[in-house]
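Take a look at the structure below.
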Amino acid sequence: MVTAITIITFLPIAMQKLVTESDRQLTARALSTPLLVGAKGSSLDLVMNTIYFQSEPMETITMAESFRIDASNLADAIPVYARFKARGHPIIGTALEYFEFRNLSLQEGRLFAILGDCVVGAKVAEGLDLKPGDSLLSSPESLFDLAGIYPLKMNVAGVLNISHTPDDEAVFVDLKTAWVIEGLGHGHQDLAKVEDPQILLNQDKNTYTASAKLLHYTEITRENINSFHFHGDQSNFPITAVIAVPHDQKSGALLRGRYLAKNETSQIVRPIDVIEELIETIFEIKHVLDAVLIAVSIATVLSLVLVIMLSLRLRHREMETMFKLGCSRWKITGLLSSEISIILLVSFGLASVISILTSIFANEILFTFII
Amino acid sequence: MIHIRSLEFNYRDGEFRLNIPEFMVERSEKVAVIGPSGSGKTTLLNLIAGIVTPVNGDVTVDEVQVSELGDSGRRDFRITNIGFVFQEFELLEYLNVLDNILHPYRITNALTLDKEARTRASTLARAMGIGDKLKRYANDLSHGEKQRAAICRSLLTRPKLILADEATGNLDPVNKSHILDLLFRSVDDHNATLLAVTHDYELLKRFDRVVDFKDFSPNNSGS
């Protein structure tokens, strides 16, 4: 009975607190991100992927979009490539400006400086027991994708201070490192020095043809870093979004205007607009849940009343015995009321304690189970 | 000890009526009350204990006119002067044996639960052969042990009168005789009076007197 009353009391309070906290968290993160540019499609996916590192990998745009925003002189562009993962944590390919933009500071170590470096969020470091100097392997996109992306052994350069944001759960790398993970950049044996005919199939002036036996590096070290190179124009390399930080309100409006053209392949969104729409939907769902919860609570309260009534009926003989022994009816009523009061007090006490704990750990609960 | 005169009683539904012109029990006497089911034997005990009050007539116990006392007075009189033993023992299963014996002290302000009462409870339990079971819960006891605990509870306040309502009705023959021995011995030790309702005719010879309910209450109609 204590458990039932505790749950009935605790659930609405906890739900209210979690919804309020999620509203605050979502809004705060969205408000701090003025504009996002990404591939046309779901604006919610774009926002969730770029600022909360949620949702499945989305359609990419090219790095040219970031150069275009920079060239417009209307906003600063911070490219984001959120596609890969390392032991369950999102790998975010970005530029150093991201850390300043999000006010992220280092707990230890340094920011990424060379290819293959990564900077991990506080919870990643805690969860995987990482510190500067350790290494972290990127996860293949698919276990059976044998021809696809090779895991890259990254060097942990630094650990961020806790920020109570999705950044705590992310692994940050330079865009180029992300592109290496994708296979757009790679390092391998120097063909000019290879003599094995099974590897070097053909050599014509500066053109070498190698077999699949050619050793590809899966770790970037001081010894092999110079062998890493990219093929093609980097402006065509993929990113998932660009965070655009307008110089002022007018610049922001002008920039948004540039993405209104019908033949435009990218979209620009204000994250706060998208999140407010999402919260509106969440609140509509919450209203329905509230109604269901009220109905369930009424049913449970009635069940509890029934249980108490049945219990009193079962204890009728006990009460009669007490009366026959010399106890007054008032005292018997008082004793039973005390028992019920104790049950209610313990239940409400427990519900209060759990509610307070929920308030204290709302942030963790949200990021662990919900966001 | 007990004197009932010109007693008339009926329950509110009016279907049951009890008339007792006169009924007396002497101090220290052990009296058995027999009669058919529904004839009013239990009602008689309830009238003597002041649990119910007569419509007319007097019920006097130890020179106190119980029927004239108020609710509170009857309760205080009952808990300090009368010990009840029930057929179904009526122990509280969520209390251990010691707490069950001490229960009368916990439900009234007329008695003070002190060290002496606790010592007496242990002494009574030992005398009844359940001294080693004081910490056990009522549900863990056999029928015979439960009734012993119930007798301890009824004797704890040193009552002048013990009312036993089919106290041996739920016991096997061996336990029946043994419990009655214990009850009689306790009543003698406490110099108390015993009024016992029973259906067991084999036990009647052990009482000082047997009252057949139909003898003095020919107009009773049981429901």
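Below, read A as the first sequence line, B as the second, and so on, with proteins coming before strands; counting in each chain starts at 1. Here the structure is a predicted model, which means the values were calculated and not measured.
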Practice task
Report yes if the side chains of B:E90 and A:L325 come closer than 4.5 Å at any heavy-atom pair, otherwise no.
Solution key: no
Problem - Distance, nearest 0.5 Å, that separates CG of B:L91 from OG1 of A:T321 - result: 9.0 Å
Handout entry: Atom group of B:N46 that falls short of 4.5 Å from chain A, counting heavy atoms
Key = side chain
Exercise for the section: Give a yes or no on whether B:E116 atom CD has more than 12 heavy-atom contacts from other residues, nucleotides or ligands under 6.0 Å away. Expected result: yes
Practice task
Measure B:Y94 against the heavy atoms of chain A and call it side chain, backbone, both or neither at under 4.5 Å.
Solution key: side chain
Handout entry: Atom CD of A:E277: over 12 foreign heavy atoms under 6.0 Å
Key = no
Fill in the blank from the handout: For A:K331 and B:T108, the nearest pair of non-hydrogen atoms, with its separation, is NZ-N, 4.0 Å
Exercise for the section: Measure distances from B:R106 to the heavy atoms of chain A and classify the residue's part below 4.5 Å as side chain, backbone, both or neither. Expected result: backbone
Practice task
List the atom of B:R78, the atom of A:K324, and the distance in Å for their closest heavy-atom pair.
Solution key: NE-O, 2.8 Å
Handout entry: Heavy atoms from other residues, nucleotides or ligands near CG of B:N139 exceed 12 (cutoff 6.0 Å)
Key = yes
Handout entry: Atom group of B:F77 that falls short of 4.5 Å from chain A, counting heavy atoms
Key = neither
Handout entry: Residue B:E93 excluded, over 12 heavy atoms near CD under 6.0 Å
Key = no
Exercise for the section: For atom CD of A:E108, decide whether the heavy atoms of other residues, nucleotides or ligands shown that lie under 6.0 angstrom number more than 12. Expected result: yes
